[in-house]
K.L.:
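Input: one structure, supplied below.
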Amino acid sequence: MNLTTQSAASQPIKVESVGFGWPLIGCAGRWLPSGASTGFTLKCFRRVPRVKVNVSSTMSGRVLVGVKRVIDYAVKIRVKPDNSGVVTDGVKHSMNPFCEIAVEEAVKLKEKKFIKEVVAVSCGPQQSQETIRTALAMGADRGIHVEVTGKEYENIGPLQISKIMAALAKKEDAQLVILGKQAIDDDCNQTGQMTAALLDWPQGTFASELTLEGDKIKVVREIDGGLETIKINMPAVVTADLRLNTPRYATLPNIMKAKKKKIANMKPADLGVDLTSRRRGRYRGRRSARREEGTVY
Amino acid sequence: MANPLKGEVFKLYKNLLYLGREYPKGAAYFRERLKSAFMKNKDVTDPEQIQKLVARGDFVIKELEALYFLRKYRAIKKRYYDPEK
């Protein structure tokens with residue numbers, strides 16, 4: 001069965017040295033010929049930096065992660081004949097890739113025991129629950145679905161979402177809010193910043209590295225022409241850039257397990273959030289615009 | 001047919017079928033190949049041999065996951081990070 005045309009096997013082999021001086025080959029060890037006897041166990045081996053597990057007692061240890069349901073990245077976008085938007089009916093949707101990175105980072109923090117709980121939040125129609133399920137399959141503990149439908153959903157923008165996120169962060173007593181830096185459908189890149197502003201929390205945007213140090217977070221940010229390292233106090237808002245991590249695949253068994261996890265359903269009104277949009281005019285698509293070019297309009 | 005490994009083989013097939021839904025050449029293409037690969041070994045009864053084949057299937061799963069991840073990563077990188085190329 002020759003299904004594997006491309007693979008990750010071309011990645012450079014990481015050689016790490018451990019305490020007793022053996023150079024060990026990192027990751028799966030599948031570059032070794034099968035049956036090769038090495039004298040010591042070669043397993044999935046990745047060194048986790050030894051850090052003091054330190055969930056501060058005053059902190060809730062809860063992380064809120066925003067996930068957005070967008071048209072799948074591989075789908076060819078079609079603009080509606082009247083230029084009023086893009087065709088979304090019967091089109092494959094999936095989780096925004098940057099949100100996947102955000103979920104992965106939260107789950108990683110939980111695996112390193114820096115935090116206790118990962119809560120995935122999505123705003124949108126009924127189908128948004130599928131996106132939350134994907135986040136749960138990736139390792140989030142529970143979900144919150146804020147139901148926004150019909151006309152309201154059409155007019156919803158980053159400001160409305162950030163109001164919801166801010167209200168939820170307060171309600172859930174979150175220690176950290178991790179969001180994707182932008183969505184691949186509207187490319188707004190505003191939700192994280194606005195959420196931080198509404199909460200009056202520090203923000204670490206475009207994170208390409210995240211380290212928790214007690215009550216502080218060290219964020220390495222991707223900025224034009226380089227990297228910037230900042231240290232911010234918790235609670236904070238962090239938005240994930242592409243190089244933050246490599247999201248895991250939500251496998252079938254994990255999706256099945258995720259069906260048992262709870263998703264709370266609420267309305268924006270329950271959070272005291274008003275969704276009125278002050279935006280004037282409508283989104284106008286251009287039929288000639290091609291998403292491949294990364295067109296921003 | 002009371003092979004104790006039957007469940008494991010079933011699980012593998014289901015997992016691969018699920019993964020194949022996103023295969024670049026289409027789910028139908030993948031399913032055809034997958035089925036023929038499984039049918040080719042339908043007469044294998046030796047547990048050790050079956051275990052080896054299941055391990056091979058698990059390897060294919062890993063490769064597919066890597067393939068999907070790289071495909072997505074490259075697409076996003078191309079769209080947002082190096083516009084000149």
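Protein chains get the first letters and strands the later ones, always in sequence-line order, with residue 1 at the start of each.
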K.L.:
Looking only at non-hydrogen atoms, find the nearest pair between B:Y80 and A:A183 and report the distance.
P.N.:
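Reported closest heavy-atom pair: OH-O, 4.1 Å.
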K.L.:
Roughly how far, to the nearest 0.5 Å, is OG1 of A:T246 from OH of B:Y73?
P.N.:
10.0 Å
K.L.:
Does CD belonging to A:E209 count more than 12 external heavy atoms closer than 6.0 Å?
P.N.:
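Counting neighbours around CD of A:E209, 12 or fewer heavy atoms of other residues, nucleotides or ligands fall under 6.0 Å, so no.
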K.L.:
How far does CG of A:N96 sit from CD1 of B:I76, to the nearest 0.5 angstrom?
P.N.:
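One gets 7.5 Å once the value is rounded to the nearest 0.5 Å.
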K.L.:
What verdict does the side chain to side chain contact (heavy atoms under 4.5 Å, CB included) test give for A:K92 and B:E22, after you've listed the backbone C-alpha separation in whole Å, the side-chain angles of each residue and the deciding distance to 0.1 Å?
P.N.:
CA-CA 11 Å; A:K92 189 189 170 199; B:E22 278 182 56; 3.6 Å; yes
K.L.:
For the backbone of A:I184 and the side chain of B:R79, can you confirm whether one donor and one acceptor N or O come within less than 3.5 Å of each other?
P.N.:
no
K.L.:
Less than 4.0 Å between a side-chain N and a carboxylate O, is that true for B:K72 and A:E100?
P.N.:
yes
K.L.:
Is any side-chain heavy atom of B:K77 less than 4.5 Å from a side-chain heavy atom of A:R243?
P.N.:
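They are in side-chain contact.
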K.L.:
Minimum heavy-atom separation for B:E65 and A:T251, please, with both atom names.
P.N.:
OE2-CG2, 3.2 Å
K.L.:
Hey, is CD on B:E48 packed in by over 12 heavy atoms from elsewhere, all under 6.0 Å?
P.N.:
no
K.L.:
Could you tell me whether A:Y249 and B:F69 have their ring centroids closer than 6.0 angstrom?
P.N.:
no
K.L.:
Would one find more than 12 heavy atoms of other residues, nucleotides or ligands at under 6.0 Å from atom CD of B:E32?
P.N.:
no
